[in-house]
Amino acid sequence: MRVDGAEVLERTLTEDEAAILEAWNISLREGTSLQSGRIREAELQTQAKIVFGQLQGALASGGIDADAEHYAALRETLADISRSRAIQGFSPTDTANFIFALKEPIFEALRRKSAVDATKLAAGVWAAGKVLDRLGLHTMEVFLASREDVIGRQGQEIAELSTPVVRLWDGILALPLIGTLDSARTGVVMENLLQAIVDEEAEIAIIDITGVPTVDTLVAQHLLKTVAAARLMGADCIVSGIRPQIAQTMVHLGVELNVVSKATLADAFALALKRTGRKVVRQQATATEERR
Amino acid sequence: MDRIPILKLGGVLIVTIQVDMHDRLALALEEDLTTMIARTGARGVLIEISALEIVDSFIGRMLVSIAAVSRVLDAETVLAGMRPAVAITLVELGLELTGIRTALNVERGMALLKARFAEDGDGFGSDRDGLDD
């Protein structure tokens, strides 16, 4: 005789509800997610109760196919739980263990109910394993997707943050570059700089590369392109902030930057002021100079 | 065929390009400009391209050659008001227009030319006044 595993499982869950929930809660309490202090026990128990209730409901509507329509509510609940765990910084193991911790209590209850009927036991265990594994995988998928969202958003924010154009003085702009220059970023940087030159009617743009970790031939080429485009717009460029090691590497590589370059942003700014006919002077002689 | 007007202001010839440049127009401009420089003895050429939205490699090359021809006739070329998109396109095409001076707008361009005239010590005006014919 064929035994319907789903039916066995459903009956067990209904009849043994209290015992299974109790065992699940104990197993969750022993898990690592509570010890990390990211979630309270009461919250964890509420989540367990909701998930258990929905699992019962889904099984009652028929079938153990966790991808089916009547599992939608349960999947949604698990997705919410996963997403909040991803944001709270739980480890993948902790997140998956939430659902996998339910296996042992259910198997235990099945064993108690159908100890004498091996066929029934096997069918029930198979059904429970299939449902719970599928739900566990679903949890992990949502968890990973949430983490990827976070990473993607951060990447976008970094790209936007790292290309500011700063106005230092009337007609003098600074472009502090931070991070590696690749083709995509050079495009953004170039567009921002050229637009700022138009908006500010700038004569001089200082490109500061203190924050650029390495300058190879490709980066140098991107820099030169930016300088050339700015020149076509009628603005002069000064490159500043080339660190000593980078300068050495560039010379050894044979990279040539045929543009005006200064060691520091301060030097470049002084040159820019000089070119626009300005000068920085001290208002009064300082004490040390007076003593001399 | 329409032509791009060339205005004379003192010793400077001013060209504003208000239409989309096509190849024949660019060739005609080079010819007209050369003739004008020779006739008026202008010392400076100011080409204003703030309305120019599209450039290709041919137009870029024409600009370079206009500047080169002008230099032979002892006139300095200044390109004024290039748009960011045009600048990026030219750089990506590998045309960096070396030898042409650039300025953000007409005002700055005129200032550049004036500075050059002052260096040469012959003021802003042209030595020959007006056209012969």
Side-chain angles (χ1 to χ4, degrees), chain A residues 163 165 167 169-173 175 181-207 217-239 256-260 272 274-278, chain B residues 14-17 21 44-57 59-64 66-67 76-116 118-119:
Chain A
T163 53
V165 182
R167 178 172 167 270
W169 206 264
D170 283 344
I172 302 175
L173 296 176
L175 180 74
L181 277 181
D182 53 23
S183 304
R185 265 197 72 200
T186 313
V188 178
V189 167
M190 211 195 267
E191 268 171 42
N192 284 354
L193 178 66
L194 297 190
Q195 195 52 51
I197 288 175
V198 175
D199 295 343
E200 303 276 350
E201 301 201 341
E203 289 167 60
I204 294 183
I206 301 171
I207 302 178
T217 42
L218 199 66
V219 172
Q221 200 198 348
H222 287 144
L223 271 178
L224 286 177
K225 267 189 188 171
T226 312
V227 172
R231 196 193 73 82
L232 285 178
M233 303 265 312
D236 284 331
C237 276
I238 304 171
V239 175
E256 273 185 50
L257 277 182
N258 287 324
V259 290
V260 184
K274 195 178 156 200
R275 281 205 191 158
T276 52
R278 297 186 184 94
Chain B
I14 301 177
V15 181
T16 62
I17 297 173
M21 282 281 261
V45 175
L46 185 74
I47 304 176
E48 204 272 341
I49 54 167
S50 64
L52 190 68
E53 285 181 30
I54 299 162
V55 282
D56 54 19
S57 55
I59 304 296
R61 212 156 53 76
M62 283 314 297
L63 291 172
V64 175
I66 287 174
E76 173 106 8
T77 306
V78 174
L79 212 54
M82 188 183 293
R83 286 171 177 243
V86 173
I88 292 173
T89 313
L90 284 178
V91 170
E92 294 296 338
L93 286 173
L95 287 165
E96 299 189 356
L97 308 189
T98 32
I100 306 189
R101 311 204 51 180
T102 50
L104 194 71
N105 49 37
V106 177
E107 198 181 353
R108 294 246 176 95
M110 287 304 271
L112 261 181
L113 287 172
K114 270 187 199 170
R116 194 211 165 195
E119 263 173 39

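Order of the sequence lines sets the chain letters (A, B, ...), proteins ahead of strands, with each chain counted from 1. Quantities reported herein were computed from a predicted structural model and do not represent experimental measurements.
Closest approach of Met82(B) and Met233(A) over heavy atoms only: O-SD, 3.1 Å. In terms of heavy atoms, Ala229(A) sits closest to Ala87(B) at O-CB, 3.6 Å. For Ile88(B) against Leu194(A), the heavy-atom pair with the smallest separation is CG1-CD1, 3.6 Å. Closest approach of Leu104(B) and Ile197(A) over heavy atoms only: CD1-CG2, 3.5 Å.
Ion pairing of Glu96(B) with Arg231(A) is absent here, as no side-chain N (NZ or NE/NH1/NH2) approaches a carboxylate O to less than 4.0 Å.
For chain A, the nearby part of Leu95(B) is the backbone; its heavy atoms alone come within less than 4.5 Å. With a 4.5 Å cut-off on non-hydrogen atoms, Leu112(B) does not touch chain A at all. If you measure heavy-atom distances from Ala202(A) to chain B, the contacts under 4.5 Å come from the backbone alone.
In terms of heavy-atom pairs under 4.5 angstrom with chain A, the leader among Ala103(B), Gly81(B), Gly109(B) is Ala103(B).
To the nearest 0.5 Å, atoms CG (Leu232(A)) and CG (Leu79(B)) are separated by 8.0 Å.
Arg108(B) places a side-chain N or O within 3.5 Å of a backbone atom of Glu201(A) that can act as its donor or acceptor partner.
Within a 6.0 Å radius of CZ in Arg278(A), more than 12 heavy atoms belonging to other residues, nucleotides or ligands are found.
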